2 protein chains.
Amino acid sequence: MKMTKEEQQLSPVTCSAHHRAISDTMDILSGKWKIRIIGELIFGKKRFGELLSSIEGIAAKMLSKELQDLETNQLVKRTVRQTKPITVEYELTAYGRTVKPVITAMANWGQQHRELIRKKQ
Amino acid sequence: MKMTKEEQQLSPVTCSAHHRAISDTMDILSGKWKIRIIGELIFGKKRFGELLSSIEGIAAKMLSKELQDLETNQLVKRTVRQTKPITVEYELTAYGRTVKPVITAMANWGQQHRELIRKKQ
DNA sequence: GAAAGTAGTTTCCTTCAGGAAACCAACCCA
DNA sequence: TGGGTTGGTTTCCTGAAGGAAACTACTTTC
């Protein structure tokens with residue numbers, strides 16, 4: 001039986017692994033804010049309050065919870081700095097930066113989609 | 001002011017467009033089943049019942065609703081075939097196939113993530 | 001001693017995505 | 001006449017996600 005390149009790539013044997021991998025990614029990036037937070041941290045370290053004001057619409061509760069999730073999954077590192085009022089810095093780990101291609105793929109497709117919709121109307 | 005390559009790419013000017021693009025993508029691929037459905041249709045046309053049994057765990061109501069969403073967004077084409085009991089075929093549009101890089105990026109990252117977790121434990 | 005700035009946590013509430021099961025409707029076959 | 005097959009829709013329900021606002025705790029400054 002001949003298979004196209006695509007079918008080889010996604011053969012039934014590797015198919016369930018494929019689904020699992022996608023599920024894993026969706027679980028880790030799930031929720032309304034995780035990708036926004038990662039997008040904010042791609043530029044570098046940010047303090048809790050900075051994230052709170054730069055991510056429009058997020059409440060402190062959600063920011064705190066989502067950052068904990070990201071920390072649990074090793075995507076983000078939390079550092080308490082012994083400043084006058086204590087400040088806390090969040091930054092992407094090297095591992096967290098590996099998510100960038102996923103985000104880029106989504107951004108590219110979304111942009112193309114928007115252009116296509118605009119042209120049609 | 002000097003900027004790294006990354007900062008040029010994601011300059012403040014294009015930043016909100018970037019967020020919008022990501023939101024668009026997430027909206028269209030949102031929900032528990034859309035990516036699974038697209039993944040199933042990458043192999044070719046499938047009837048409603050075939051999708052229902054090949055996508056483990058989905059209920060008819062959800063399948064119906066998600067397919068409608070995908071059709072609305074031009075990712076999927078629905079064709080009624082005048083067979084003895086009427087059958088309905090769903091297939092990806094050419095446009096629907098452009099989502100593949102996004103799914104591939106998610107699958108790749110998920111797989112890498114799983115391997116990393118496995119090595120650590 | 002009060003106010004202001006840091007980084008959260010707690011409580012209470014609402015909404016909505018999604019699941020289970022029953023139902024519908026057209027058609028064929030026996 | 002009634003069961004099987006197709007492709008759905010309707011109804012009812014629940015859990016989880018997320019929002020608003022108040023509260024905590026520590027320190028510095030006024």
Side-chain angles (χ1 to χ4, degrees), chain A residues 19-20 22-41 44-73 75-92, chain B residues 19 22-41 44-73 75-92 106:
Chain A
H19 294 327
R20 251 190 293 123
I22 294 172
S23 294
D24 287 352
T25 304
M26 296 191 72
D27 285 348
I28 289 170
L29 300 182
S30 70
K32 193 173 172 180
W33 301 107
K34 297 223 177 61
I35 292 186
R36 269 308 310 273
I37 294 171
I38 293 172
E40 224 44 55
L41 291 178
K45 301 179 183 183
K46 284 212 173 180
R47 290 190 292 99
F48 186 86
E50 288 175 333
L51 288 171
L52 199 55
S53 57
S54 65
I55 300 178
E56 197 184 359
I58 199 170
K61 181 187 103 173
M62 288 307 298
L63 181 56
S64 170
K65 200 211 93 193
E66 301 281 74
L67 283 170
Q68 281 169 28
D69 289 349
L70 292 171
E71 204 191 345
T72 300
N73 286 307
L75 302 186
V76 159
K77 186 179 150 205
R78 178 180 183 273
T79 312
V80 179
R81 300 182 57 218
Q82 296 304 331
T83 47
K84 335 181 184 178
I86 279 184
T87 55
V88 181
E89 270 179 1
Y90 292 91
E91 60 187 310
L92 287 188
Chain B
H19 294 326
I22 293 173
S23 293
D24 287 352
T25 304
M26 295 191 73
D27 285 348
I28 289 170
L29 300 182
S30 71
K32 193 172 170 181
W33 301 107
K34 297 222 177 63
I35 291 186
R36 269 307 309 274
I37 294 170
I38 294 173
E40 221 49 51
L41 292 177
K45 302 178 182 182
K46 285 212 172 182
R47 290 189 292 100
F48 185 86
E50 289 175 333
L51 287 171
L52 200 54
S53 54
S54 66
I55 300 178
E56 197 183 358
I58 198 171
K61 181 187 106 175
M62 287 308 297
L63 181 55
S64 171
K65 200 210 93 193
E66 302 280 74
L67 283 169
Q68 281 171 28
D69 290 349
L70 291 171
E71 204 191 345
T72 300
N73 285 307
L75 303 187
V76 159
K77 186 179 150 207
R78 179 179 183 273
T79 313
V80 179
R81 300 182 56 218
Q82 297 303 330
T83 48
K84 332 178 186 184
I86 279 183
T87 54
V88 181
E89 271 178 359
Y90 293 91
E91 60 188 311
L92 287 187
M106 296 180 75

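Letters A, B, ... mirror the listed sequences (proteins, then strands); counts begin at 1. Note that the structure is a prediction, hence the values are computed from the model and not measured.
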Picking from dT6(D), dT9(D), dG8(C), the nucleotide nearest the side-chain atoms of Tyr90(A) would be dG8(C)
Is there a side-chain contact between Glu89(A) and Arg78(A) (heavy atoms, below 4.5 Å)?
no
Polar atoms only, N or O, under 3.5 Å: list the protein pairs with nucleotides 19-21 of chain C and their distances.
residue	atom	partner	partner atom	Å
dG19(C)	OP1	Lys32(B)	NZ	2.6
dG19(C)	OP2	Trp33(B)	NE1	3.1
dG19(C)	N7	Lys61(B)	NZ	3.4
dG19(C)	O6	Lys61(B)	NZ	2.3

Length of the line joining Ile37(B):CD1 and dG18(C):P, which is rounded to integer Å
11 Å
Just the rounded figure in Å: distance from C1' of dG19(D) to CD1 of Ile55(A).
16 Å
Only counting residues at least two apart or in another chain, list the ones meeting salt bridge (Lys or Arg N to Asp or Glu O under 4.0 Å) with Glu71(B).
none
Below 4.5 Å, heavy atoms only, C-beta onward: do Leu67(A) and Phe48(A) meet side chain to side chain?
yes
My understanding is that only residues two or more places apart in sequence, or in another chain, count here; which of them pass side-chain contact (heavy atoms from CB on, under 4.5 Å) with Gln82(B)?
Val80(B), Ile86(B)
Validation row: Leu63(B), Trp33(B) side chains within 4.5 angstrom (heavy atoms)
no
Before giving the answer on salt bridge (charged side-chain N to carboxylate O under 4.0 Å, His left out), spell out for Lys34(B) and Glu66(B) the whole-Å C-alpha distance, their side-chain angles and the decisive distance to 0.1 Å.
CA-CA 6 Å; Lys34(B) 297 222 177 63; Glu66(B) 302 280 74; 3.2 Å; yes
For Glu50(A), which residues count as a side-chain hydrogen bond (donor to acceptor under 3.5 Å, both in side chains) partner, sequence neighbours excluded?
none
In chain order, what residues pass the salt bridge (Lys or Arg N to Asp or Glu O under 4.0 Å) check against Lys61(A), with sequence neighbours excluded?
none
Using a cut-off of strictly less than 4.0 Å between a heavy atom of the residue and any atom of DNA chain D, enumerate the qualifying residues of residues 63-73 of chain A by number.
none
Considering residues at least two apart in sequence or located in another chain, which fulfil the side-chain hydrogen bond (donor to acceptor under 3.5 Å, both in side chains) criterion with Asp24(A)?
Arg114(B)
Quick check: do Val76(A) and Asp69(A) have side-chain heavy atoms less than 4.5 Å from each other?
no
Of all residues at least two apart in sequence or in a different chain, which pass the side-chain hydrogen bond (donor to acceptor under 3.5 Å, both in side chains) check with Arg20(A)?
none
Considering residues at least two apart in sequence or located in another chain, which fulfil the salt bridge (Lys or Arg N to Asp or Glu O under 4.0 Å) criterion with Lys46(A)?
Glu40(A)
Pairing residues for Glu91(A) by the side-chain contact (heavy atoms from CB on, under 4.5 Å) criterion, not counting sequence neighbours:
Lys45(A), Lys77(A), Thr79(A)
For atom CG of Asp27(A) and atom C1' of dA16(D), their distance in whole Å
14 Å
Tell me, which of residues 46-53 of chain B have any heavy atom that sits under 4.0 Å from an atom in DNA chain D?
Arg47(B), Phe48(B), Gly49(B)
Identify, residue by residue, the members of residues 76-85 of chain A with a heavy atom below 4.0 Å from DNA chain C, and return them in order of residue number, or none.
Arg78(A), Pro85(A)
